[in-house]
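We number each residue from 1, following the sequence as shown. Note: hydrogens, waters and symmetry copies are ignored here, and every other heavy atom, side chains too, is used.
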Amino acid sequence: MTHSALAPIAFSMPWMTEADAAAVAEVVRSGRLSIGPKLEAFEEALAECCGTRHAVGVSSGTAGLHTILAALEIGPGDEVLVPSFTFNASVSVIFLAGATPVFVDIEPDTYNLDPQDVEAKISPRTRAILAVDVFGHPAEWDELERIAARHGLALIDDCCEALGARYRGRPLGSLGVAGCFGFYPNKPITTGEGGMITTDDDELARRARSIRNQGRSAMGQWLEHEALGYNYRMCEMAAALGASQLARLEELLAHRCRVAEGYRERLEGHAGIKRPASRAHVERCWFVYVVELSDGTDRTVVMERLNHRGIPTRAYFSPIHLQPYVQARLECHPRLAATGRAGALPRTEEIAARTVALPFHPQLEPAELDRVVDALLTAVAHER
């Protein structure tokens with residue numbers, strides 16, 4: 001059988017069970033599709049998982065991040081420090097809030113915010129640091145917390161990719177003033193679409209619950225609105241699926257670790273391919289498996305060669321500061337222009353040009369890993 005005749009390997013896929021389907025079907029049959037007991041149960045279970053007093057279910061991770069900024073009253077005239085090496089939502093929500101993103105460069109091994117550059121980018125207008133636990137590896141929270149405390153800044157955790165990860169034994173979602181998880185189908189657990197805010201701040205949680213529900217007060221009449229809000233509610237079907245998936249979190253994470261370890265073993269000792277780094281004091285959540293190609297390797301050709309063999313890949317991440325919608329705003333935001341022009345984040349731009357995400361999900365079999373790695377090594381060897 002030729003390479004091109006082999007069945008394509010799935011880049012990502014959720015692991016669903018009959019119990020998941022039954023949980024959703026139960027809600028459908030009940031007729032209670034929104035603002036009900038399934039959401040409350042999922043919120044309670046997620047808060048317990050993260051060790052926080054509150055969890056607030058929302059319609060997506062993007063909605064959750066936007067809600068946190070709104071609850072903190074971050075808006076026009078304010079600046080938020082954020083990486084460019086991340087998914088677009090980490091930055092777009094800052095624009096949606098009316099604030100200005102100030103881009104920070106990243107560490108060369110974890111690809112997370114570089115604390116030294118964070119401190120260097122702080123200005124009198126800085127209100128918050130939005131840290132991202134990139135690819136499920138926790139950021140350097142001790143240093144970020146010291147910086148935030150020293151300058152009186154809100155520290156927000158975009159842990160959308162990192163459910164189950166820990167930093168020095170502390171679960172992500174419990175760090176900073178608030179955390180936000182995403183439950184898109186490629187995440188460790190899924191609700192289809194959905195997200196969750198976690199926090200120990202009672203007032204932030206109260207505001208978040210109001211904002212996600214069109215600005216309604218918990219004690220007010222249905223058509224009375226105490227604040228500007230949005231329809232960011234999580235429906236009962238999504239919550240039921242999320243609770244069912246969360247009950248299997250340890251199993252799902254273990255299978256992700258198995259796949260990551262399979263890649264690590266197969267790629268050991270191969271020049272031209274840098275494997276993901278994991279620091280000793282963290283327990284990462286394996287969200288994706290991203291390798292870094294050596295300088296001079298044509299990434300586009302490598303990815304095309306893999307695709308020809310039925311192996312999809314992605315260029316993770318394309319820097320947000322170079323995206324067209326950000327570039328179109330440079331002239332209107334002097335501080336944005338200072339960190340958003342090409343060349344402003346040399347480490348981000350260098351790494352982003354060389355990183356490739358390989359197929360990754362908890363059901364990948366050893367034979368599929370063999371096939372991916374064989375194709376990758378062959379493609380890289382052709383380019384060297």
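- Looking at Glu261 and Arg264, a side-chain N of the basic residue comes within less than 4.0 Å of a carboxylate O on the acidic one, giving a salt bridge.
- Taking the charged nitrogens against the carboxylate oxygens, Arg258 and Glu265 have no contact shorter than 4.0 Å, which rules out a salt bridge.
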Would you please test Ser318 and Gln323 for side chain to side chain donor-acceptor pair (under 3.5 Å) and show each step? CA-CA 8 Å; Ser318 180; Gln323 299 296 320; 3.0 Å; yes

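- Atom CZ of Arg125 is surrounded by 12 or fewer heavy atoms from other residues, nucleotides or ligands within 6.0 Å.
- Taking the charged nitrogens against the carboxylate oxygens, Arg212 and Glu43 do have a contact shorter than 4.0 Å, which makes a salt bridge.
- Of the N and O atoms on the side chains of Ser278 and Arg284, at least one donor lies less than 3.5 Å from an acceptor on the other residue.
- With salt bridges taken as basic N to acidic carboxylate O contacts below 4.0 Å, one links Arg248 and Asp20.
- Here the side chains of Leu153 and Ile122 are in contact, with some heavy-atom distance below 4.5 Å.
- Nearest heavy atoms, Leu306 versus Ala375: CD1-O, 3.6 Å.
- Taken to the nearest 0.5 Å, the OG atom of Ser12 stands 7.5 Å off from the OH atom of Tyr184.
- Residues Leu81 and Leu130 fail the side-chain proximity criterion, which asks for heavy atoms closer than 4.5 Å.
- Taking each heavy atom of Leu246 and Leu46 in turn, the nearest pair found is CD2-N, 3.7 Å.
- Here Arg207 does not pair with Asp201 in a salt bridge; the nearest charged N to carboxylate O distance is not below 4.0 Å.
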Full working for salt bridge (charged side-chain N to carboxylate O under 4.0 Å, His left out) between Asp374 and Arg309: CA-CA 10 Å; Asp374 176 68; Arg309 296 176 65 167; 2.8 Å; yes

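- Looking at Lys274 and Glu292, a side-chain N of the basic residue comes within less than 4.0 Å of a carboxylate O on the acidic one, giving a salt bridge.
- Between Phe95 and Tyr325, the ring-plane angle classifies as perpendicular under the 30° and 60° cut-offs.
- Taking the six-membered ring for Trp and the full ring otherwise, the centers of Phe317 and Tyr111 sit at least 6.0 Å from each other.
- For the atom pair Glu349 CD and Asp105 CG, the distance stands at 8.0 Å (nearest 0.5 Å).
- Under the 6.0 Å cut-off for aromatic ring centres, Tyr316 and Phe287 do not qualify, their centroids lying 6.0 Å or more apart.
- Under the side chain to side chain contact (heavy atoms under 4.5 Å, CB included) test applied with Lys121, the options Val82, Ile129, Val102 reduce to a single match, Val102.
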As a quick check of understanding, evaluate salt bridge (charged side-chain N to carboxylate O under 4.0 Å, His left out) for Glu140 and Arg279, giving each step before the final call. CA-CA 10 Å; Glu140 276 303 326; Arg279 292 183 177 172; 2.9 Å; yes

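- Between Leu322 and Ala342 the shortest heavy-atom distance is CD2-CA, 3.7 Å.
- Ion pair Glu368/Arg371 not flagged as a salt bridge, since none of the NZ, NE, NH1 or NH2 atoms sits closer than 4.0 Å to an Asp/Glu carboxylate oxygen.
- No hydrogens or angles considered: nothing links the side chains of Trp141 and Asn112 as a donor-acceptor pair under 3.5 Å.
- Formation of a donor-acceptor pair under 3.5 Å by the Asp200 side chain with backbone atoms of Arg53 is found in this model.
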